[in-house]
Structure formats: C-alpha cells, structure tokens
Asker: 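What follows is a structure written as structure tokens; I'll ask about it next.
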Number of protein chains: 2
Amino acid sequence: MKPAAIAAREDASVAEPAYVLEDQVGHLLRRAHQRHAAIFQEMIGDAQLTPLQFAALVKLNDLGEVSQNELGRRTAMDAATMQGVIKRLLARGLIDRKPDPEDRRRVVLSLTADGGRLIAAAMPNGHAITDETLAGLSDAERRAFLSLLKRLA
Amino acid sequence: MKPAAIAAREDASVAEPAYVLEDQVGHLLRRAHQRHAAIFQEMIGDAQLTPLQFAALVKLNDLGEVSQNELGRRTAMDAATMQGVIKRLLARGLIDRKPDPEDRRRVVLSLTADGGRLIAAAMPNGHAITDETLAGLSDAERRAFLSLLKRLA
DNA sequence: ACGCGCTTGTTTGTGTACAAACGATTTTCG
DNA sequence: CGAAAATCGTTTGTACACAAACAAGCGCGT
C-alpha cells in the first residue's frame, strides 16, 4: 500500500508524475544556450562574429586547408547550414575558396590574411566568453559540469 | 620556472592557452542541444510537435488562459518567435485565441479540446525523451548535471 | 486632463538548423 | 570493366532566435 500522504496528493488525478517544463533537460539546455549566445554577442567585440562563424575560423586556423564538408563535420554544422556560414565569411574576405585539384567535387577552404589576424585577435575574447558563461560555478563545479556535458554531446 | 617539458611545448609559439573548440561550453551546449532536438523529433511520435510547440502546449495546459507575451515569458521565447509558434498551433486547431476584454492590447490563449487531448497523450513521450537524452548518465550524475545546468540557465 | 512611459502584439531582416531532393563525382565491389 | 553506392556541394522549404522599429493601448504622475 501507498502511504496516505502520497495517495492524497494523487487524489482525483492520475498517478503519472507531473511534467514540469522547467526541470526538463531540453528546456534547460535551450535556455543555457540562449544565455551563452547573448554573452557571446556582447563580449565578442568589434570582430562582429557569430558563434558559428567564430567556430569555423578557429577550426580553419587549426587545420590550414580543409574541404567544406570536412569543416562542417569538425564544427558540428550540417552541409546546408555550412552554405550560409561560408557565404558570409567569403563576403567579408575572411576566408578563401578554391577547387581541389585532387577531387573535382570538393572546394578547399583556408583563412585569408585578414581572417587570420581577426581570429587571432578574437581568441582571448573566446576564453573570456567561456569564463563568463560559467561565472556562477566554482572551478570544481566547472570541471564536473563540462565533463558531464561532454558525455551528452 | 616552468618545467622544461612545458617550455618545450610552448617553444616558438605564444604563451596563451590554446583555444580548443571541443572544450568550450558554448560548443558543447550547442551539440547537446542538437542531440536533444534529434531525440525529440524521433521520439515525439505522431504528435508531430517541435520542442517549442510542445513547451507552449504544456504551459498552456498548466495555466489555462494566458496572454501571448506571458506565455512567451514562461517558455523562454521572445515575442517575435512566439508569433510563428502560435500561428502554427492555431493553424492546426490546437489552441484558441480571443481578445482580452480587460485589456484591448492583449489576446487570451487557451487549449482547444484537441490540443488538450494531444498534449495529454504526448506527456509520457516528453519524459521518455528526457530520459533518453540523459541515457549516458547514472541517477546521481543526472541530478548533479541538472542542478549545475539550472544554475547556468 | 494630459502627457509620457511602458506593455502588447506585429513586421522585417539576418542568421542558425535541418530534411529532402538534386547533379556531378568518386569509390567500391562484383 | 562497369554498375551500384557513397560523397560533395547546392537548393528549397520549414522552423527557431533575436534585434529593431512600429501602432495601439494602458497607467501613472503632475
């Protein structure tokens, strides 16, 4: 038998646990992501980059030359999303694009001198943004949170 | 002094810590959110709801009648995003919309009978989706993760 | 009563996010 | 070798996400 206190709380209603929106991972992930995006925009400075543009430039800086799809995989963007991001970075002259001689389906992307300078200058802001996003947590909590978050991603 | 092994690794380069995209909260939050969205779509079933539509219906079910902006606040959507979500739910006949007699700026939203049935039927899926999203974590880890995540949101 | 500020809902414009379908290639395998 | 399968980049259509600007209405203080 159930204790009376619990039976009473269930009374006329069903036995299912309530669905509390504020407690769902999905909702919380969405809100945390929103907050991070706001912090990003506020702290990225005159570079005027979006999180995805920043990610693409960072990876391009790491890798030197890559195909468009490969860069998409490395930054977790699908091919269609990539189109827009690349288009805007090209329009601003931050990246270069040329056909791959080895594979005629591919294009090879790389940073321009401007793009290299801009991403080098923006890197410290990236760290500051991460820091501000985690501002509410202690060092130990940050490590714990990031390690759990990695296992969900 | 730094140990030689570390000095060697830094050699010609700068002393700044590398910016590793895969370790940044923003990137991890984005990926976790992507994964959750994929799970949601896969498990929501024939209800054919997006996460935001689901959230709006759940809150509407909790609150009974609310204005559009109020509902937006409760579900963390801005007014412009709200437009689209409400428009689609109206088109499917899941919610109702009428002017507020007390305040002619407002509209009052509520569930239709269809909307009520649909969200009641979809609720268990919501719990299953949350569960699947956290599948990699133990019970203790889930609690720890959610409590840290709440502090970031 | 009047004016000023705030809220409500809407529109427009930019930027993710992804499914689905496509043509052009390249690769794989029978 | 040659056909089927896989990959590359693109387009289209739907759905968030938010800034900015707007008209209409409410409410407060003087």
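The sequence lines fix the lettering, A, B, ..., with proteins before strands; numbering per chain opens at 1.
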Asker: Report which part of the nucleic acid Asp78(A) touches: base, sugar-phosphate, or nothing (heavy-atom distance under 4.0 Å, all strands).
Answerer: base
Asker: Report which part of the nucleic acid Thr50(A) touches: base, sugar-phosphate, or nothing (heavy-atom distance under 4.0 Å, all strands).
Answerer: sugar-phosphate
Asker: Which value, rounded to the nearest 0.5 Å, describes the distance between Thr133(A) atom OG1 and Met43(A) atom CE?
Answerer: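 Here the interatomic distance stands at 8.0 Å.
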Asker: Would you mind reading off the distance between Leu90(B) atom CG and dT10(C) atom C1', rounded to a whole angstrom?
Answerer: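 It works out to 14 Å between those atoms.
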Asker: Return whichever of Ala38(A) or Val85(B) has its heavy-atom-nearest nucleotide of DNA chain D closer to the 5' end.
Answerer: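 Closest to the 5' end, via its nearest nucleotide, is Val85(B).
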Asker: From dA17(D), dT12(C), dG9(D), pick the nucleotide closest to the side chain of Ala80(B)?
Answerer: dT12(C)
Asker: Should Arg88(B) be listed as having a side-chain N or O under 4.0 Å from OP1 or OP2 of dC16(D)?
Answerer: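 Checking dC16(D) against Arg88(B), a side-chain N or O does come within under 4.0 Å of OP1 or OP2.
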Asker: Any idea which of dA17(D), dG25(D), dT16(C) is nearest the Asp103(B) side chain?
Answerer: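 My answer, after comparing the listed nucleotides, is dG25(D).
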Asker: Rounded off to whole Å, could you give me the CG-to-C1' distance for the Leu49(B) and dA15(D) pair?
Answerer: 13 Å
Asker: Measure CE/Met77(B) against C1'/dT8(C) and give the value in whole Å, please.
Answerer: 17 Å
Asker: For Leu29(A) and dC16(D), give me the distance from atom CG to atom C1', rounded to whole Å.
Answerer: 16 Å
Asker: Examine Phe40(A) and Leu146(A) and state if one hydrophobic cluster contains both, with Ile, Leu, Val, Met, Phe, Trp and Tyr joined whenever side-chain heavy atoms are less than 4.5 Å apart.
Answerer: no
Asker: Ignoring the backbone of Asn69(A), work out which of dG9(D), dA17(D), dG25(D) is nearest its side chain.
Answerer: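 Comparing dG9(D), dA17(D), dG25(D) against the side chain of Asn69(A), the answer is dG9(D).
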Asker: May I ask you to decide whether Lys150(A) forms a salt bridge with Asp23(B), counting only side-chain N to carboxylate O separations under 4.0 Å?
Answerer: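 Answer for the salt bridge query: yes.
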Asker: Using whole Å, what does the distance between atom P of nucleotide dT11(C) and atom CD1 of Ile86(B) come to?
Answerer: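 Nearest whole value for this atom pair: 14 Å.
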Asker: Is the phosphate of dC18(C), meaning OP1 or OP2, less than 4.0 Å from a side-chain N or O of Gln41(B)?
Answerer: no
Asker: Let me know, please, whether Gln68(B) or His33(A) comes out on the 5' side of the other along DNA chain C by nearest nucleotide.
Answerer: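 The residue closer to the strand's 5' end, by nearest nucleotide, is Gln68(B).
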Asker: Between Ser110(B) and Glu65(B), which heavy-atom pair has the shortest distance, and what is it?
Answerer: CB-CG, 4.2 Å
Asker: Taking atom types as they are modelled, would you say the side chain of Arg106(B) forms a donor-acceptor pair with the base of dT8(C) within the 3.5 Å cutoff?
Answerer: no
Asker: Between P on dC8(D) and CG on Leu71(A), what's the gap in Å once rounded to a whole number?
Answerer: 13 Å
Asker: What does Gln83(B) touch in the nucleic acid at a heavy-atom separation under 4.0 angstrom: a base, only the sugar-phosphate, or nothing?
Answerer: base
Asker: Does OP1 or OP2 of dC16(D) have a side-chain N or O of Gln53(B) closer than 4.0 Å?
Answerer: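 Yes, Gln53(B) has a side-chain N/O under 4.0 Å of OP1/OP2 on dC16(D).
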Asker: Hey, are Arg92(B) and Gln48(B) close enough side-chain-wise for a donor-acceptor pair under 3.5 Å?
Answerer: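 No, because no side-chain N or O of Gln48(B) sits under 3.5 Å from a partner of the opposite role on Arg92(B).
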Asker: Round to a whole Å and report the spacing from CG of Leu89(B) to P of dA15(D).
Answerer: 10 Å
Asker: Closer than 4.0 Å, any side-chain N/O of Arg30(A) to the OP1 or OP2 of dT16(C)?
Answerer: no
Asker: Has the side chain of Arg105(B) got a donor or acceptor atom sitting under 3.5 Å from an opposite partner on the base of dT8(C)?
Answerer: no
Asker: Whole-Å distance between dA15(D) C1' and Phe40(B) CZ?
Answerer: 13 Å
Asker: Taking the side chain as C-beta and beyond, is there a heavy-atom pair between Leu94(B) and Leu111(B) under 4.5 Å?
Answerer: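 Result no, sub-4.5 Å side-chain heavy-atom pair not found.
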Asker: When you get a sec, tell me which of dT16(C), dT12(C), dC16(D) is the closest nucleotide to the side chain of Thr81(A)?
Answerer: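 Minimum distance to the Thr81(A) side chain belongs to dT16(C).
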Asker: So does Arg104(B) get a side-chain nitrogen or oxygen closer than 4.0 Å to the phosphate oxygens (OP1/OP2) of dA24(D)?
Answerer: no
